[in-house]
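Everything on this sheet refers to the single structure shown next.
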Amino acid sequence: MCGIVGITGKNDNAVAVLINGLEKLEYRGYDSAGIFVTDSQGQANLVKVKGRIADLKDKLTPDIKGNTGIGHTRWATHGVPSENNAHPHYSENGRFFLVHNGVIGNFKELKDKYLADVKFVSETDTEVVVQLVEHFSNEGLTTKEAFKKTLSVIDASSSYAFLLMDKNEPGTLYAAKSKSPLLIAVGPDFNGVCSDAMAMLKETHDFIELTDGDVVVLTASSIDIEDKDGNHVDRKPFHVDQDASASEKGAYEHYMLKEIDEQPAVMRKIASAYLNEDGSINIDDALLKAMNQSDRLYIVAAGTSYHAGLVGHELFEKLAHIPTEVHVASEFGYNMPLLSEKPFFIFLSQSGETADSRQVLVQVNELNYPSLTITNVANSTLSREADYTLLLHAGPEIAVASTKAYTAQIAVEAVLAKRLGEIKGIKEAAQFDIKADLTTVANAMQTMVDEKHDIEALAKQNLNTTRNAFYIGRAIDYDTAIEAALKLKEVSYVQTEGFASGELKHGTIALIEEGTPVIAIITDPKTAAHTRSNVQEVIARGANVIIITSESLAQPGDQIVLPDVNPLLTPLVSIVPAQLLAYYTSKQRGYDVDKPRNLAKSVTVE
Ligand code: M6R
């Protein structure tokens with residue numbers, strides 16, 4: 001949450017670099033933004049707004065320029081979205097400027113202990129940090145020493161990625177990180193810092209990963225990294241082989257629709273990444289061995305990734321015969337269940353940066369249990385810190401509502417489960433033709449995507465004005481119902497529940513009234529008849545029902561009919577119309593589809 005970017009260079013283009021970087025980081029938070037820039041003569045400018053990067057751009061004038069600067073796009077934690085609470089924050093004497101991603105756990109204690117006489121202008125935890133730098137520098141410390149002393153009094157519950165500037169040292173950036181992600185962008189005649197490589201891909205493809213406890217001093221021509229033990233370290237850059245245009249919208253009005261449309265191609269990409277010509281599977285033997293030696297898989301994730309884990313549960317149990325549990329990361333970390341003798345942990349995360357999941361991984365590493373991260377972002381924190389990584393190959397996902405990463409997670413889980421089962425000689429795995437099945441899925445997804453205008457019309461007829469709605473299903477369709485409900489609620493603000501259809505009659509059916517939309521997902525042959533009965537029960541109470549079903553289970557009057565695919569993979573297809581219903585409902589209501597209120601794409605606070 002929150003995106004930070006900084007540059008120190010030789011040209012007066014810092015404003016353009018910061019604005020471009022912030023636009024790329026806006027997915028991380030978008031309630032307010034700001035930049036601070038200095039030029040080689042020491043002229044400094046601070047510009048902040050409540051609102052989006054577009055609003056920040058409107059406030060810039062041609063005289064605001066420089067070769068060094070820091071920028072921030074915010075997702076509010078402490079203090080409402082406002083100009084005063086927007087970053088960069090500055091110290092009382094106007095010398096130090098700071099942007100921050102994370103949360104300072106002991107900010108109140110620090111304020112009381114060191115800063116009782118300081119006049120604060122914001123309600124943020126961040127301002128305490130920049131005031132502390134001034135406080136310690138007033139004791140005669142250099143900026144670096146004051147920065148390090150400030151870091152030393154921040155407690156372990158905190159998370160931060162900081163970028164600091166001292167007006168007396170134009171051309172120098174100070175950075176530090178603990179738990180929140182931060183990369184150095186390495187250029188020929190500049191250096192930068194950013195929360196995500198995407199922010200600086202226009203400038204460079206070479207980045208250095210920072211690790212927790214690092215303190216960095218950057219100029220246009222030097223990078224000095226001190227690790228947590230105070231050693232000066234030389235870290236080799238890695239190359240990001242991604243075109244800056246991969247994160248562009250192209251002709252699409254919204255990223256969400258572009259990303260929904262990309263799903264058939266992502267299925268093909270996963271097949272070519274993990275499957276050989278002859279259909280054999282290409283996954284690290286050491287990972288397969290570690291998983292097959294375990295007696296229980298623990299899938300840990302948040303939000304949509306958690307829902308992909310629910311489908312993974314079916315796949316690992318049915319294809320690999322390994323008992324599997326799925327846990328919400330924010331619950332698991334502080335209330336760990338009794339673990340089996342040989343647990344193996346799977347972290348599912350599009351971003352690879354989710355703080356709730358990371359705090360579990362830290363504990364898992366302390367306990368020395370083996371782990372795998374399945375993520376879309378190579379070199380992300382969860383990827384670096386787990387023993388193994390499998391990539392989603394979905395391409396950058398920018399819309400806050402996760403779509404293609406969800407289906408990619410399920411597809412990668414299916415490939416992995418198939419291979420695990422195959423090694424163990426399990427019949428169901430041997431019969432599961434993942435290569436052919438993924439092709440069929442890609443084609444079925446394409447059929448759904450091609451029918452988007454019918455779904456747009458359904459959204460208009462049924463969801464345009466409703467205040468609440470239900471998705472129902474059983475078995476694997478229940479997993480999809482929960483994800484479908486999250487999609488609809490997060491982008492259209494329709495209060496939506498995903499429900500086990502058989503459970504409705506145990507209480508929730510009381511909420512059904514004349515016209516309540518109930519969307520039933522029916523792709524599981526074993527439970528189809530039961531769900532059909534539940535549909536009759538809600539119709540009898542006035543519900544306005546939409547049925548999403550597979551071709552082989554379809555009945556006259558069903559609104560959305562999906563091409564048949566392998567029953568274990570139906571969630572990959574049945575979710576597509578639900579994603580489209582969410583997209584069109586949000587669009588028809590005039591909401592900001594890609595940046596729904598109160599949310600951010602990468603949730604780096606607990
Ligand atoms: O990056 P992650 O997959 O770890 O993110 C977890 C959730 O925050 C995320 O899936 C969220 O629920 C989606 N953006 C919702 O569409």
Side-chain angles (χ1 to χ4, degrees), residues 1-3 26-30 75 179-181 195-196 198 254-257 259-260 263 299-312 326-333 345-361 372-383 385-386 389-392 394 396-410 412-413 471 479-480 482-493 496 498 575-576 578-583 585-586 591-606:
M1 288 181 147
C2 302
E26 208 172 11
Y27 71 87
R28 302 175 71 89
Y30 34 84
W75 185 84
K179 300 184 191 165
S180 302
S195 305
D196 178 334
M198 233 161 24
H254 298 107
Y255 282 108
M256 185 176 175
L257 188 60
E259 290 161 5
I260 292 171
Q263 292 177 106
I299 300 179
V300 179
T304 289
S305 295
Y306 168 73
H307 299 155
L310 296 175
V311 181
V326 191
H327 291 272
V328 168
S330 56
E331 288 295 311
F332 190 89
F345 284 83
I346 302 176
F347 292 87
L348 288 182
S349 175
Q350 186 285 131
S351 62
E353 300 295 349
T354 298
D356 288 326
S357 300
R358 200 223 169 187
Q359 52 91 11
V360 180
L361 177 54
L372 158 71
T373 290
I374 301 180
T375 180
N376 206 20
V377 184
N379 296 304
S380 54
T381 305
L382 287 169
S383 158
E385 296 182 358
T389 294
L390 292 178
L391 290 176
L392 296 179
E397 189 181 67
I398 311 291
V400 164
S402 184
T403 52
K404 62 177 179 172
Y406 170 76
T407 47
Q409 284 168 336
I410 294 173
V412 171
E413 288 174 316
Y471 270 96
D479 300 337
T480 309
I482 302 174
E483 169 57 11
L486 176 62
K487 245 12 22 134
L488 184 59
K489 76 180 102 170
E490 71 177 320
V491 296
S492 73
Y493 319 141
T496 315
I575 194 63
V576 179
Q579 294 167 341
L580 288 164
L581 281 171
Y583 171 75
T585 305
S586 173
Y591 297 139
D592 188 342
V593 180
D594 288 334
K595 298 190 183 84
R597 69 183 181 208
N598 305 339
L599 295 176
K601 181 78 180 157
S602 183
V603 185
T604 53
V605 292
E606 280 182 40

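Start at 1 and go down the list; that is how both ligands and their atoms are numbered. As the structure is a prediction and not an experimental result, all values here were calculated from the model.
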[X] (side chain) donor-acceptor with [Y] (main chain) under 3.5 angstrom:
X	Y	answer
Lys404	Glu259	no
Tyr471	Leu488	no
Ser586	Ala582	no

Inset, instruction - Give a yes/no on ligand 1: does Ser357 have at least one heavy atom closer than 4.0 angstrom to it? - result: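 Contact check Ser357 vs ligand 1: negative.
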For [atom], the protein heavy atom that lies nearest, with its residue and separation:
atom	value
atom 1 (O) of ligand 1	Ser351 OG, 2.6 Å
atom 6 (C) of ligand 1	Ala302 O, 3.3 Å
atom 3 (O) of ligand 1	Ser305 OG, 2.6 Å
atom 5 (O) of ligand 1	Thr354 OG1, 3.4 Å
atom 16 (O) of ligand 1	Glu490 OE2, 2.5 Å

Inset, instruction - Tell me which part of Glu353 gets within contact of ligand 1: side chain, backbone, both or neither, using heavy atoms under 4.0 Å. - result: neither
Legend entry - For ligand 1, the portion of Thr304 having any non-hydrogen atom under 4.0 Å away: both
Pairs of nitrogen or oxygen atoms closer than 3.5 Å, one from [X] and one from ligand 1: do any exist?
X	answer
Ser349	yes
Val400	yes
Lys601	no

Number the atoms of ligand 1 from 1 as they appear, then name those within less than 4.0 Å of a heavy atom of [X], with their elements.
X	result
Lys487	15 (C), 16 (O)
Ala401	16 (O)
Val603	8 (O)

How about [X] and [Y]: does a side-chain donor come under 3.5 Å of a side-chain acceptor?
X	Y	value
Lys487	Thr496	no
Glu353	Thr381	yes
Thr407	Gln263	yes
Gln350	Ser305	no

Legend entry - Side chain to side chain, Val400 and Tyr30, heavy atoms closer than 4.5 Å: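 Val400 reaches Tyr30 side chain to side chain.
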Inset, instruction - May I ask you to test the His327-Val360 pair for a side-chain heavy-atom distance under 4.5 Å? - result: no
